[in-house]
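Presented below is the structure to which this report refers.
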There are 2 protein chains.
Amino acid sequence: MSVKANLEDIAKAAGVSKMTVSRVLRGGTGFSRDTKDRVVKVAERLGYVPNRLAAAFGADQSGTLVGMCVPRLTSGLFGHVLDGVDRALSRLGYQLLIGANNHSADEEEAWIRQVIAWRPAGLILSGRTHTPGTVDLLRSAAAPVVEIWDLTTSPIDMSVGFSHFDCGAEMGQFLLRRGRRRAGYVGALARADVMGAARLEGFDATLSRAGHPLVAREILHDTPGFYAGYYGLETLLSRQPALDVVYFHNDEMAIGGMAYAQSRGLRVPEDIGIAGWGGMEAASILPRRLTTTVVTTTAIGKAAAEALVARLKGEAGQDVTVVPTRLEPGATG
Amino acid sequence: MSVKANLEDIAKAAGVSKMTVSRVLRGGTGFSRDTKDRVVKVAERLGYVPNRLAAAFGADQSGTLVGMCVPRLTSGLFGHVLDGVDRALSRLGYQLLIGANNHSADEEEAWIRQVIAWRPAGLILSGRTHTPGTVDLLRSAAAPVVEIWDLTTSPIDMSVGFSHFDCGAEMGQFLLRRGRRRAGYVGALARADVMGAARLEGFDATLSRAGHPLVAREILHDTPGFYAGYYGLETLLSRQPALDVVYFHNDEMAIGGMAYAQSRGLRVPEDIGIAGWGGMEAASILPRRLTTTVVTTTAIGKAAAEALVARLKGEAGQDVTVVPTRLEPGATG
DNA sequence: TGCGTCAGGTTTACCGGTAACGTAGCCTAG
DNA sequence: CTAGGCTACGTTACCGGTAAACCTGACGCA
């Protein structure tokens with residue numbers, strides 16, 4: 001807590017005023033080289049640690065605190081986004097305040113309410129589904145906000161992402177081209193995950209238009225990991241064995257599904273096709289490269305951070321940034 | 001930034017003093033039920049958002065900011081630790097300030113220097129290797145510090161983790177019991193990752209004592225992911241084909257290694273054994289369950305948060321908490 | 001009647017910076 | 001030689017809370 005020296009102490013020891021010390025330490029102007037050297041030396045000797053609490057409070061804005069809220073901390077994809085954001089922001093001296101909302105708009109609102117109290121310079125949120133209370137809060141806070149992952153044409157402020165609906169639609173088209181006609185879907189988190197739901201919608205819509213609608217779907221209430229994929233496929237096939245391809249909520253679940261298929265002696269892709277989403281590293285090195293949609297997660301984080309910083313610097317940034325996704329044909333679809 | 005209403009505004013509108021509003025809103029005592037209801041109603045009507053910057057500054061301590069520094073944000077394991085910490089802390093109203101140090105003690109110091117300026121209530125650091133500057137900084141800040149992952153018998157303050165040396169030693173013993181005699185090692189990050197190095201040391205020491213020292217090692221300068229495991233094993237085997245088991249830096253690399261082995265037609269575990277470390281979910285559902293050391297990552301996060309909170313509440317917590325690890329025999333070793 | 005006590009407040013003094021403004025001394029151009 | 005400008009500072013006020021000290025009227029009670 002109380003770190004010994006403050007500006008006053010340095011000022012006294014260096015024989016100047018507090019204000020001069022403040023100017024020197026922040027690299028401003030209006031002091032001689034001589035004064036600067038003296039102040040810097042004294043500050044170092046006293047082990048001065050600035051008090052940002054005071055600085056931010058005095059200036060009525062935190063200046064360097066950025067809040068970021070993700071659905072889950074345990075997803076590999078979010079880790080990469082976080083990494084992209086952190087690299088871009090920490091280089092510029094910003095601090096990252098993070099939280100998880102567990103795919104709940106209400107938890108997100110609660111988190112934002114806490115974080116807004118710190119007067120952050122900006123916020124990065126996941127998804128485009130927010131409570132009315134959240135929107136009010138953000139509007140009155142007047143801090144820059146970037147919504148990431150799911151593209152929205154009318155963002156609260158800025159938006160970085162892509163269309164999940166289109167991802168699903170594109171995968172649907174691809175699998176139809178590969179001759180698949182009886183598709184199933186294995187998801188997770190039920191309706192909590194709006195983005196996964198959008199992919200499913202896009203997928204289903206495309207298949208239906210082509211006259212081969214989704215044959216079966218299994219949406220678990222579990223976290224979308226390997227286990228859920230494994231058991232999800234088991235359940236799906238027990239209900240509806242005659243499927244020629246299964247689209248999974250994400251790559252982790254798809255890999256779990258592949259493990260199940262192999263354990264049942266089903267050949268992939270001959271007996272059953274498997275497709276995922278997300279583009280996790282493991283998926284590209286498995287014995288058979290997974291058919292999936294690769295999302296450039298780090299790019300999302302980087303773009304979000306850059307959009308935020310541009311806004312903070314008063315530069316006119318883009319309101320909506322589209323980050324490309326790429327359908328990786330792979331060998332399992 | 002400027003959120004409209006402050007205590008003064010509420011005070012005026014409710015016909016009481018600022019101080020009374022402060023007490024009501026913080027749930028203190030010294031006001032009538034009548035006053036309380038009035039104040040709460042007014043605060044709500046004005047959409048009051050407390051200013052923690054001011055509160056923390058005024059009280060000369062942040063109260064609810066906790067800093068956490070991890071080596072990399074992109075590791076699946078750290079995501080789980082983060083999750084454990086976040087769950088435990090957010091429930092108690094703390095905010096998490098995170099950063100990555102890229103396995104560099106200098107970057108860690110730089111990060112701490114930034115974060116200390118916010119006068120955090122506590123800090124969670126990874127590993128036990130810190131610069132002298134860091135130690136000074138922490139001592140003068142006098143904030144509770146928890147070092148996680150690698151157990152140290154003389155922590156700066158508190159420590160939660162286990163011995164990486166012992167993990168390596170245990171795996172060495174296990175592989176010897178399975179009859180392995182010509183072991184190799186594939187690691188990453190060179191000497192930057194002290195913990196991985198400790199596992200290697202423990203592994204090597206055990207093998208040497210048994211008279212079957214490590215035959216070859218390959219330590220990449222890459223991030224320890226699937227690709228690094230794949231190419232690491234390729235390189236290792238090209239130099240020294242006659243290995244009967246390979247110990248990997250972590251599970252991700254081990255899975256990459258398995259992929260390489262399969263691509264070369266090597267049977268696991270008949271032709272070559274593979275062992276990992278960490279216990280990632282994928283490893284337990286692969287066609288053959290990976291031989292590895294399972295680390296209860298979420299437990300580390302939870303324990304770290306709890307130790308911190310205990311200290312903050314003035315309770316006498318344990319200085320050193322040992323989190324168990326479990327050698328998972330698997331089917332690949 | 002006088003006094004202590006307590007609920008239910010109010011007042012005051014900070015916390016450590018920063019913005020805005022003031023000013024002394026010196027230089028330079030007209 | 002003097003107005004105006006620049007450099008290098010110093011002064012003052014304020015950000016929005018909180019702790020601590022201080023009031024005040026009502027009530028109980030000897």
Side-chain angles (χ1 to χ4, degrees), chain A residues 1-40 42-43 46-65 114 116-121 140-141, chain B residues 1-40 42-43 46-65 114 116-119 121 141:
Chain A
M1 330 293 188
S2 76
V3 182
K4 43 207 173 193
N6 59 22
L7 285 192
E8 191 81 51
D9 300 331
I10 299 173
K12 266 185 211 142
V16 293
S17 76
K18 221 170 80 166
M19 199 59 219
T20 299
V21 178
S22 169
R23 279 195 279 251
V24 169
L25 262 26
R26 277 183 303 152
T29 57
F31 45 80
S32 64
R33 165 153 285 276
D34 203 52
T35 304
K36 177 184 168 179
D37 291 345
R38 197 151 27 95
V39 166
V40 167
V42 172
L46 297 181
Y48 174 69
V49 175
N51 186 340
R52 273 186 204 268
L53 241 31
F57 168 57
D60 198 22
Q61 48 144 314
S62 95
T64 64
L65 233 39
Q114 300 277 323
I116 285 278
W118 289 101
R119 305 296 187 263
S140 74
Chain B
M1 334 292 186
S2 77
V3 182
K4 45 205 173 193
N6 60 21
L7 285 190
E8 191 82 51
D9 300 331
I10 299 173
K12 266 184 210 145
V16 294
S17 76
K18 218 169 82 164
M19 198 60 221
T20 299
V21 177
S22 169
R23 279 198 280 254
V24 169
L25 263 26
R26 277 184 302 153
T29 57
F31 46 79
S32 64
R33 165 154 284 275
D34 204 51
T35 304
K36 176 185 169 180
D37 291 345
R38 201 151 25 96
V39 167
V40 168
V42 172
L46 297 182
Y48 175 68
V49 176
N51 187 339
R52 274 186 204 269
L53 242 31
F57 168 57
D60 198 22
Q61 47 145 314
S62 99
T64 65
L65 232 39
Q114 298 280 323
I116 286 277
W118 289 101
R119 305 296 188 264

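The sequence lines fix the lettering, A, B, ..., with proteins before strands; numbering per chain opens at 1.
In this structure, the CZ atom of Arg52(B) is 12 Å from the C1' atom of dG17(D), given to the nearest Å. The distance between atom NZ of Lys36(A) and atom C1' of dC9(D), rounded to the nearest whole Å, is 16 Å. Rounded to a whole Å, the CG atom of Leu53(A) is 13 Å from the C1' atom of dT18(D). The nearest whole Å value for the distance from the CH2 atom in Trp118(A) to the P atom in dG16(D) is 16 Å. For Asn51(B) and dG16(C), the CG to P distance is 17 Å, given to the nearest whole Å.
With Asp37(A) contributing its side chain and Asp34(A) its backbone, the two residues share no donor-acceptor pair below 3.5 Å.
At a threshold of 4.5 Å between non-hydrogen side-chain atoms, the residues Thr64(A) and Gln114(B) do not count as touching. Here the side chains of Asn51(A) and Phe57(A) are not in contact, with every heavy-atom distance at 4.5 Å or above. At least one side-chain heavy atom of Val16(B) sits under 4.5 Å from a side-chain heavy atom of Arg38(B). Between Leu65(A) and Trp118(B) the shortest side-chain heavy-atom distance falls below 4.5 Å.
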Please enumerate all protein N or O atoms sitting under 3.5 Å from an N or O of nucleotides 21-25 of chain D, with distances to 0.1 Å.
none

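Nucleic acid contact for Ala55(B): sugar-phosphate only, since backbone atoms but no base atoms lie under 4.0 Å from a heavy atom of the residue.
Secondary-structure stems of DNA chain C, taken as three or more successive Watson-Crick or G-U wobble pairs (i with j, i+1 with j-1) under a 3.5 Å distance threshold, comprise C:1-30 with D:1-30.
The two atoms that bring Pro50(A) and Arg119(B) nearest to each other are O-NH1, 3.1 Å, heavy atoms only. When all heavy atoms of Ala11(B) and Ser17(B) are compared, the closest pair comes out as CB-C, 3.6 Å. Of all heavy-atom pairs between Thr29(B) and Arg23(B), the closest is O-CD, 3.4 Å. The nearest pair of heavy atoms linking Ala14(B) to Val39(B) is CB-CG2, 4.2 Å.
By the side-chain contact (heavy atoms from CB on, under 4.5 Å) test, Lys12(A) pairs with Glu8(A), sequence neighbours left out. Partners of Ala13(A) by side-chain contact (heavy atoms from CB on, under 4.5 Å), not counting sequence neighbours, listed by chain and number: Val42(A), Arg45(A). Partners of Ala43(B) under the side-chain contact (heavy atoms from CB on, under 4.5 Å) rule, at least two apart in sequence or in another chain, are Ile10(B), Leu25(B), Tyr48(B). For Ala55(A), there are no side-chain contact (heavy atoms from CB on, under 4.5 Å) partners, not counting sequence neighbours. Applying the side-chain hydrogen bond (donor to acceptor under 3.5 Å, both in side chains) test to Arg26(A) and every residue at least two apart in sequence or in another chain returns Ser22(A).
Mapping Asp34(B) and Ala54(B) onto DNA chain C via the closest heavy atom, the residue that lands nearer the 5' end is Asp34(B).
Contact between the side-chain N/O atoms of Tyr48(B) and the OP1/OP2 oxygens of dG16(D) is not found at any separation under 4.0 Å.
When distances run from any side-chain atom of Phe57(B) to the nucleotides dG17(D), dC15(C), dT18(C), the shortest one goes to dC15(C).
Residues from residues 25-32 of chain A placing a heavy atom under 4.0 Å of any atom in DNA chain C, listed by number, are Arg26(A). The stretch residues 8-21 of chain B touches DNA chain D through Lys18(B), Met19(B), each having a heavy atom within less than 4.0 Å of the strand.
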